[in-house]
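Reading through the structure tokens given below for one structure.
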Amino acid sequence: MIHIGRQDRVFILTGSGVSAESGIPTFRGVGGMWRNYRIEEVASPHAWARDPRLVWDFYSMRRSVAAAAKPNPAHLALAELESKLADRLFLCTQNVDNLHEQARSINVLHMHGELFKSRCDSCRRPPFPDHRGYEAPAEIPRCECGGRIRPHICWFGEVPYEMDRIFAALNHCTVFAAVGTSGVVEPAASFVAHVRGRARTYYVGPEEPANASEFDQCYRGEAGKILPALFAIE
Ligand code: NAD
């Protein structure tokens, strides 16, 4: 059990494992492949420049999988934790689905973007909600400025969003818990090393992550089984 005292500030990092029990495959769960493409080949600025229809096909498929998913007990437990800790909890997810929000988490930082948002690839128009699929569209949707509308996703080779806010929260946390993330995708994989020594560090998931040695304690098992009983709040 993780004890949270009155002075504690908690940073939670979730990865695709937290949504696995909701039926959304993890990156490694699908073998990192889609059709005959490696995910890196359809989730990159290079892929967008070369074949935007293929990229939209991929994200349209991911939107339809995510649209059918419902939050599981792990998402619900984190929303409950926020209801008790309020701004002493910082929830940072690598996930692009909206299951934390569906579980009624309020403040969720999506460092890798959001599946149900799109943005212009050219102008500074902010990302906007977008639930449509664009399978094999005759034309890639266009912005008023003439640019092409792309998924609001941090692709391979791009910089994750809101890193300033993330590091401010990491610098203040006293408890750090990573859930369902393999510890190989940077920069998230290095967050635990950044806080180690200052904060208590925990991992939750069925397998040891690649960065297991950085954690004080690993709780081995499915997030939906472990998280609902994990936190004891003073
Ligand atoms: P990963 O696929 O590399 O690792 C998933 C981890 O989840 C593994 O360590 C696995 O042991 C663990 N896991 C599997 N089932 C679990 C469960 N029931 N409870 C807890 N843990 C479980 O995923 P990653 O580290 O998040 O990095 C992959 C990248 O892929 C991320 O950048 C993420 O944005 C992206 N991605 C997101 C989604 C999503 O939004 N749901 C889905 C697939 C991939």
Side-chain angles (χ1 to χ4, degrees), residues 2 12-34 37-44 47 55 58-78 91-103 105 108-117 131 151-163 166 176-193 202-215 217-230:
I2 301 175
I12 305 269
L13 171 69
T14 62
S16 61
V18 83
S19 295
E21 291 158 78
S22 295
I24 300 182
T26 63
F27 182 58
R28 292 192 303 166
V30 290
M33 295 289 289
W34 173 69
Y37 299 94
R38 288 186 13 256
I39 300 295
E40 293 87 333
E41 290 177 67
V42 283
S44 68
V55 174
F58 174 63
Y59 284 98
S60 298
M61 176 279 292
R62 291 190 64 185
R63 281 183 177 181
S64 64
V65 170
K70 293 277 168 276
N72 67 55
H75 299 104
L76 296 171
L78 293 174
L91 176 56
C92 174
T93 186
Q94 297 167 85
N95 294 346
V96 296
D97 64 50
N98 63 2
L99 295 180
H100 285 305
E101 286 86 351
Q102 278 197 49
S105 280
V108 186
L109 191 149
H110 285 270
M111 63 180 288
H112 290 165
E114 294 179 67
L115 205 43
F116 295 111
K117 285 189 179 168
H131 287 253
H152 178 50
I153 298 282
C154 174
W155 285 328
F156 290 93
E158 295 184 323
V159 180
Y161 309 124
E162 302 199 68
M163 293 305 292
I166 291 172
F176 174 92
V179 184
T181 176
S182 55
V184 292
V185 176
E186 293 292 356
S190 295
F191 290 173
V192 61
Y202 305 94
Y203 180 78
V204 178
E207 300 166 288
E208 239 185 29
N211 53 358
S213 62
E214 307 280 359
F215 291 94
Q217 198 170 346
C218 288
Y219 293 91
R220 294 282 290 275
E222 293 182 326
K225 302 235 165 50
I226 292 184
L227 280 186
L230 187 60

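From a predicted model like this one, the values you see are computed outputs, not experimental measurements. Start at 1 and go down the list; that is how both ligands and their atoms are numbered.
Note that CD of Glu162 and CE of Met111 are 10.5 Å apart. Values are rounded to the nearest 0.5 Å. Taking CG of Leu109 as the reference point, atom OG1 of Thr14 lies at 10.5 Å (rounded to 0.5 Å). Considering CZ of Arg63 and CG of Asn98, their distance stands at 11.0 Å, rounded to 0.5 Å. Taking CZ of Phe156 as the start and CD of Glu158 as the end, the distance is 11.0 Å to the nearest 0.5 Å. The NE2 atom of His152 sits 9.0 Å away from atom NE2 of His110, with the distance rounded to the nearest 0.5 Å.
Inclusion of Val204 in the set of residues having an N or O under 3.5 Å from an N or O of ligand 1 is not warranted. Between Glu222 and ligand 1, not a single N/O pair is under 3.5 Å apart.
For atom 8 (C) of ligand 1, the nearest non-hydrogen atom of the protein is Arg28 NH2, 3.3 Å. The shortest contact between atom 11 (O) of ligand 1 and any protein heavy atom is with Glu207 OE1, 2.4 Å. Atom 15 (N) of ligand 1 has Ala20 CB, 3.7 Å as its closest protein atom, hydrogens excluded (heavy atom only). Counting only heavy atoms of the protein, atom 33 (C) of ligand 1 lies nearest to Gln94 O, 3.3 Å. The protein non-hydrogen atom at the shortest distance from atom 26 (O) of ligand 1 is Ser16 N, 2.8 Å. In this structure, the protein non-hydrogen atom closest to atom 19 (N) of ligand 1 is Ala223 N, 2.9 Å. For atom 25 (O) of ligand 1, the closest non-hydrogen atom on the protein side is Thr181 OG1, 2.7 Å. Ranking protein heavy atoms by distance to atom 17 (C) of ligand 1, first place goes to Gly17 O, 3.3 Å.
Summarising the contacts of atom 36 (N) of ligand 1 with His112, Glu21, Arg62, the nearest heavy atom is found in Arg62. Compare Tyr219, Phe27, Phe156 by their heavy atoms: the one nearest to atom 44 (C) of ligand 1 is in Phe27.
The closest approach between Pro206 and ligand 1 falls below 4.0 Å for a heavy atom of the residue. Put simply, no part of Val18 is less than 4.0 Å from ligand 1, judged by heavy atoms. The closest approach between a heavy atom of Ala74 and any atom of ligand 1 is not below 4.0 Å.
At most 12 non-hydrogen atoms from other residues, nucleotides or ligands lie less than 6.0 angstrom from OH of Tyr37.
Remark: the backbone N or O of Ile153 is paired with a side-chain donor or acceptor of Tyr161 at under 3.5 angstrom. Of the possible donor and acceptor atoms, none in the side chain of Asn95 sits under 3.5 Å from a partner among the backbone N and O of Asp97. Looking at Glu214, its side chain never comes within 3.5 Å of a backbone N or O of Val192 through a donor-acceptor pair. Using a distance-only test at 3.5 Å, with no hydrogens or angles considered, a donor-acceptor pair links the side chain of Ser44 to the main chain of Ala47.
For ligand 1, the atoms closer than 4.0 angstrom to any heavy atom of Gly205 are 20 (C), 21 (N). Annotation for ligand 1: atoms under 4.0 Å from non-hydrogen atoms of Tyr203 are 9 (O). Close approach to Asp97 involves these atoms of ligand 1, each under 4.0 Å from a residue heavy atom: 39 (C), 40 (O), 41 (N). Close approach of ligand 1 to Gly15 is summarised as follows: ligand atoms under 4.0 Å from at least one heavy atom of the residue are 26 (O). Counting the atoms of ligand 1 from 1 in the order shown, those under 4.0 Å from a heavy atom of Ile24 are 41 (N). Taking a cut-off of under 4.0 Å to the non-hydrogen atoms of Pro25, the atoms of ligand 1 that pass are 42 (C), 43 (C). Near Val185, with a cut-off below 4.0 Å to any heavy atom, the atoms of ligand 1 are 27 (O), 28 (C). Close approach of ligand 1 to Ser19 is summarised as follows: ligand atoms under 4.0 Å from at least one heavy atom of the residue are 41 (N).
Applying side-chain contact (heavy atoms from CB on, under 4.5 Å) to Phe191 and the options Thr181, Ile166, Asn211 leaves one that passes, Ile166. The only option from Thr93, Leu227, Leu99, Leu230 that meets the side-chain contact (heavy atoms from CB on, under 4.5 Å) definition with Leu78 turns out to be Leu227. Results of the side-chain contact (heavy atoms from CB on, under 4.5 Å) test with Val96 over His112, Lys117, Glu114 single out His112 as the only residue that passes.
Between Trp155 and Ala43, the shortest heavy-atom distance links the atoms CB-O, 3.3 Å.
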